[in-house]
S.K.: 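The structure that follows is given in the form of structure tokens.
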Amino acid sequence: MIVGEQPGDQEDRVGRPFVGPAGRLLDEALAEVGIDRATVYVTNVVKHFKWSASERGKRRIHKKPRQSEIQACSPWLEAELHAVKPKILVCMGATAAQALLGKHFSVTRLHGQTVQSPHAPFAIATLHPSSILRAIDSASRQRQMGEFVNDLRQVAVLVAKKQAA
């Protein structure tokens with residue numbers, strides 16, 4: 001199970017998670033490590049797209065959800081966790097990691113490491129693909145994408161161990 005922050009503009013319009021640019025980056029990384037996205041349940045902590053209009057009013061710009069919005073959506077996320085019963089939980093970005101792994105969890109320090117979670121036997125936090133898209137330059141984007149793929153490679157190792165068991 002992969003959990004992100006909230007739907008983006010395209011996800012909000014289509015009604016499915018990770019179908020926009022961040023979703024394409026996720027698909028690319030999953031394919032690179034050998035995980036079939038069709039085998040993964042993908043969702044978000046917050047179920048609505050929080051946004052503000054761009055200066056020219058043509059685009060809807062992402063705004064970080066407040067804790068009250070995360071709390072308001074938690075019954076739906078808990079129901080998804082209960083229904084899916086994930087063996088491996090991947091939290092993409094600080095919002096998802098802090099909502100599911102504790103409010104002081106640091107993705108910067110602990111990304112790619114297996115951590116304890118009441119929601120799954122294995123949990124790993126990683127970067128959110130949208131942060132890679134917002135990197136300041138090509139070198140930063142490449143470095144972050146490498147970290148993202150390496151973190152998901154840890155997930156692929158866990159998947160292979162679960163299948164071998």
S.K.: Find out if a path of hydrophobic residues (ILVMFWY) with successive side-chain heavy-atom gaps under 4.5 Å connects Val155 to Val107.
M.R.: no

S.K.: Could you measure the distance from the CG atom of Leu25 to the OG atom of Ser131? Nearest 0.5 Å is fine.
M.R.: 9.0 Å

S.K.: Arg153 and Asn150: which non-hydrogen atoms are nearest, and at how many Å?
M.R.: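 Looking at all heavy atoms of both residues, the closest pair is NH1-OD1, 2.9 Å.
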
S.K.: With hydrophobic residues grouped by side-chain heavy-atom distances under 4.5 Å, do Val42 and Ile70 end up in a single group?
M.R.: no

S.K.: Keeping Glu5 on the side-chain end and Ala96 on the backbone end, is there a donor-acceptor pair under 3.5 Å?
M.R.: no

S.K.: Is it true that Leu158 and Phe148 fall in one hydrophobic cluster, defined by side-chain heavy atoms closer than 4.5 Å?
M.R.: yes

S.K.: Taking CZ in Arg143 as the centre, count heavy atoms belonging to other residues, nucleotides or ligands within less than 6.0 Å. Is the count above 12?
M.R.: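 Enclosed: over 12 neighbouring heavy atoms sit under 6.0 Å from CZ of Arg143.
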
S.K.: Between Leu100 and Leu81, is the side chain to side chain contact (heavy atoms under 4.5 Å, CB included) condition met? List the steps.
M.R.: CA-CA 10 Å; Leu100 293 167; Leu81 288 161; 3.8 Å; yes

S.K.: NZ of Lys103: more than 12 outside heavy atoms within 6.0 angstrom?
M.R.: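 Not buried by this count: 12 neighbours or fewer within 6.0 Å.
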
S.K.: I'd like to know if the side chain of Arg37 reaches the main chain of Asp27, judged simply by a donor and an acceptor atom lying under 3.5 Å from each other, with no hydrogens or angles considered.
M.R.: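 Such a contact is absent between Arg37 side chain and Asp27 backbone.
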
S.K.: Out of curiosity, Asn44 CG to Thr95 OG1, how far, rounded to the nearest 0.5 Å?
M.R.: 10.0 Å

S.K.: Please give me the minimum heavy-atom distance between Leu133 and Arg141, naming the atom from each residue.
M.R.: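 Taking Leu133 first and Arg141 second, the nearest heavy atoms are O-NH1, 4.3 Å.
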
S.K.: Only pairs under 3.5 Å count here: list side-chain donor-acceptor contacts from residues 119-129, not counting sequence neighbours, and write none if there are none.
M.R.:
residue	atom	partner	partner atom	Å
Thr126	OG1	Asp151	OD2	2.7
His128	ND1	Ser130	N	3.0
His128	ND1	Ser130	OG	2.9

S.K.: Give the intermediate values and the outcome of side chain to side chain contact (heavy atoms under 4.5 Å, CB included) for residues Met145 and Gln142.
M.R.: CA-CA 5 Å; Met145 185 63 175; Gln142 223 172 359; 5.8 Å; no

S.K.: Under the criterion side chain to side chain contact (heavy atoms under 4.5 Å, CB included), I'd like the reasoning laid out for Phe18 against Ile2: C-alpha separation, chi angles, the key distance, then a yes or no.
M.R.: CA-CA 10 Å; Phe18 291 93; Ile2 296 177; 5.5 Å; no

S.K.: Do you know the tightest heavy-atom contact between Pro75 and Ala72?
M.R.: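 Closest approach of Pro75 to Ala72: CD-O, 3.4 Å.
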
S.K.: Is Leu110 reachable from Ile132 through a run of I, L, V, M, F, W or Y residues, each pair having side-chain heavy atoms under 4.5 Å apart?
M.R.: no

S.K.: With a 4.0 Å cut-off on N to O distance, would you call Glu28 and Arg24 a salt bridge?
M.R.: no

S.K.: Do Thr114 and Gln154 have side chains that approach each other closer than 4.5 Å (heavy atoms only, starting at C-beta)?
M.R.: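 Of all side-chain heavy-atom pairs linking Gln154 with Thr114, none is under 4.5 Å.
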
S.K.: Can you tell me how far apart CG (Leu152) and CG (Leu26) are? Round to the nearest 0.5 Å.
M.R.: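 It is 7.0 Å, given to the nearest 0.5 Å.
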
S.K.: More than 12 foreign heavy atoms under 6.0 Å from CD of Gln67: is that the case here?
M.R.: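 Counting neighbours around CD of Gln67, more than 12 heavy atoms of other residues, nucleotides or ligands fall under 6.0 Å, so yes.
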
S.K.: On a heavy-atom basis, which atom in Ser140 and which in Ile136 lie closest, and how many Å separate them?
M.R.: OG-CG1, 3.8 Å

S.K.: Applying the 4.5 Å side-chain criterion to the ILVMFWY set and letting contacts propagate, would Leu77 and Val84 be lumped into a single cluster?
M.R.: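 They do share one cluster, since a chain of ILVMFWY contacts under 4.5 Å joins Leu77 to Val84.
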
S.K.: Listing request: all side chain to side chain donor-acceptor pair (under 3.5 Å) pairs with a residue in residues 73-83, at least two apart in sequence or in separate chains.
M.R.: Tyr41-Glu80, Thr43-Glu80, Lys47-Glu80

